[in-house]
Amino acid sequence: GAAPAKATTQFISIASGGQQGIYYPTAIQFQNIFNASISGVSVNVETTGGSLANARLLGKGEADLATMQNDIAYYATRGELMFDAPISNLRGVTSLYPEVCHLVALRSSGITSVADLAGRKVSIGAPGSGTEQNARQILEAYGLTPDDLGLTERLKNTEASDKLQDGHIEAAFLTYGIGAAILQSISETIDVVFIALEEDKIASMIEKYPYYTRTEIPADAYQGMTAPAPTVSVVAWLVARAGLEADQVYQMTRLIFESLETLHGPGAPARLKAISLETALDGLSIELHPGAERFYDEKGLAP
């Protein structure tokens, strides 16, 4: 008989982040789950600059899925702040875990509150990053702008770590899932404190920017902590481009929730224990992808 027609493979890319963060190992988990269960597709993960870069990659059709902060997805869809024009094809798949706004300061600096940052040497995050936006909004809650700092550095996270270590900066804003490798490393190699936000400031931020939620960094999260540090979080989401086939996104969404044992297992980032049907729509800041929406409808979860 005739040889069977060669099936064409569809390549699907997941834009993630840098290898030091949690987006990259998270995306690898999805890659493995999808490749093991969906025939005819080859899913691969790309390292990227994170949320902002990922919104742009999806917008240009250069990635199919991406991990992203919900506040950045919100701005991208509206063409606000760091986006010159709306990116109209971002669609939500599922929430992943809270991304916590950490503010670390050298213990020797005496900084104990955001209010103390006036006149000090501080990194507010790389230009256009999610961290930078969070830093500006936290400073704003305290009546400060980056201009009120003595030295404002806009450092990538690994650079911030190095410059804290050599004393070039006294404090740094870092938005990450609790327990990210870079934060563990900072707390283990440098004598730092994790600064708590005052409750009234947290409340005012949530009122003005509804994509924030109140979160506590637990006292046992990092070396040197003695008490929990209340702060705000955004939510990491898995986002798809609108043009990805609904059946495919439906299948992927279903597979994620059928694979919780793997995602909550020892080989996966600890943060992924936060993935659950109960929290799947937490922090939804954009439209859902129709494929994901179909899955949630079947589960009786209306957004």
Q. How are the rings of Tyr222 and Phe194 set relative to one another: parallel (under 30°), tilted (30 to 60°) or perpendicular (over 60°)?
A. parallel
**Q.** Test side chain to side chain contact (heavy atoms under 4.5 Å, CB included) applied to Leu284 and Trp237, step by step
**A.** CA-CA 8 Å; Leu284 175 65; Trp237 265 74; 3.5 Å; yes
Q. Which word best sums up how the rings of Tyr209 and Tyr212 line up, parallel for under 30°, tilted for 30 to 60°, or perpendicular for over 60°?
A. perpendicular
Q. When you check the gap from the basic side-chain N to the acidic O, do Arg254 and Glu258 get nearer than 4.0 Å?
A. yes
**Q.** Shortest non-hydrogen contact from Val235 toward Ser95
**A.** CG1-CB, 3.8 Å
Q) Phe257 and Phe295: aromatic ring centres closer than 6.0 Å? A) yes
(Q) So which atom in Asp116 and which in Arg120 form the shortest heavy-atom distance, rounded to 0.1 Å? (A) O-CG, 3.1 Å
Q: Without swapping roles, check the side chain of His102 against the backbone of Phe173 for a donor-acceptor pair under 3.5 Å.
A: no
Q) Are Tyr23 and Glu99 close enough that a side-chain donor and a side-chain acceptor fall under 3.5 Å? A) yes
Q: Examine distances only and state if a side-chain atom of Asn35 and a backbone atom of Val43 form a donor-acceptor pair shorter than 3.5 Å.
A: yes
**Q.** Main-chain N/O of Ala141 paired to Ser204 side chain as donor or acceptor, under 3.5 Å
**A.** no
**Q.** Interatomic distance, Leu117 atom CG to Glu170 atom CD [nearest 0.5 angstrom]
**A.** 9.0 Å
**Q.** Derivation and outcome, side chain to side chain contact (heavy atoms under 4.5 Å, CB included), residues Val114 and Leu139
**A.** CA-CA 7 Å; Val114 176; Leu139 289 169; 4.1 Å; yes
Q. Taking atom types as modelled, is there a side-chain donor on Tyr211 or Gln69 under 3.5 Å from an acceptor on the other?
A. no
Q.
To the closest 0.5 Å, what do you measure between CG (Leu238) and OG1 (Thr26)?
A. 9.5 Å
(Q) Nearest 0.5 angstrom please: Arg241 CZ to Leu58 CG, how far? (A) 8.5 Å
Q | Ile72 vs Met82, side chain to side chain contact (heavy atoms under 4.5 Å, CB included): CA-CA, chis, key distance, verdict | A | CA-CA 9 Å; Ile72 301 301; Met82 63 287 274; 3.7 Å; yes
Q) Got a salt bridge between Glu132 and Arg136, using NZ or NE/NH1/NH2 to carboxylate O under 4.0 Å? A) yes
(Q) Is there a path of hydrophobic side-chain contacts, each under 4.5 Å between heavy atoms, that joins Met68 and Val100? (A) no
Q. Looking only at heavy atoms, which two atoms of Ala73 and Ser285 are closest? And how far apart?
A. CB-OG, 4.1 Å
Q. Between Arg271 and Pro98, which heavy-atom pair has the shortest distance, and what is it?
A. NH2-CD, 3.9 Å
Q. Within the side chain of Asn54, is there an N or O that forms a donor-acceptor pair under 3.5 Å with the backbone of Ser16?
A. yes
Q) Does the side chain to side chain donor-acceptor pair (under 3.5 Å) test come out yes or no for Asn157 and Tyr176, once each step is laid out? A) CA-CA 10 Å; Asn157 302 324; Tyr176 274 110; 2.8 Å; yes
Q.
For Thr48 versus Ala15, what's the shortest heavy-atom pair and its separation?
A. CG2-CB, 3.9 Å
Q.
Could you check whether any side-chain heavy atom of Leu183 comes within less than 4.5 Å of a side-chain heavy atom of Val104, counting everything from C-beta outward?
A. yes
Q: Tell me, with the steps shown, if Thr77 and Phe83 meet side chain to side chain contact (heavy atoms under 4.5 Å, CB included).
A: CA-CA 9 Å; Thr77 300; Phe83 295 95; over 6 Å; no
Q) Any ion pair linking Glu199 and Arg214 (charged N to carboxylate O, less than 4.0 Å)? A) yes
(Q) Quick one: does any side-chain atom of Thr279 pair with a main-chain N or O of Ile275 as donor and acceptor, under 3.5 Å? (A) no
Q: Taking all heavy atoms of Val41 and all of Ile12, pick out the closest pair and write down the distance.
A: CG1-CD1, 4.2 Å
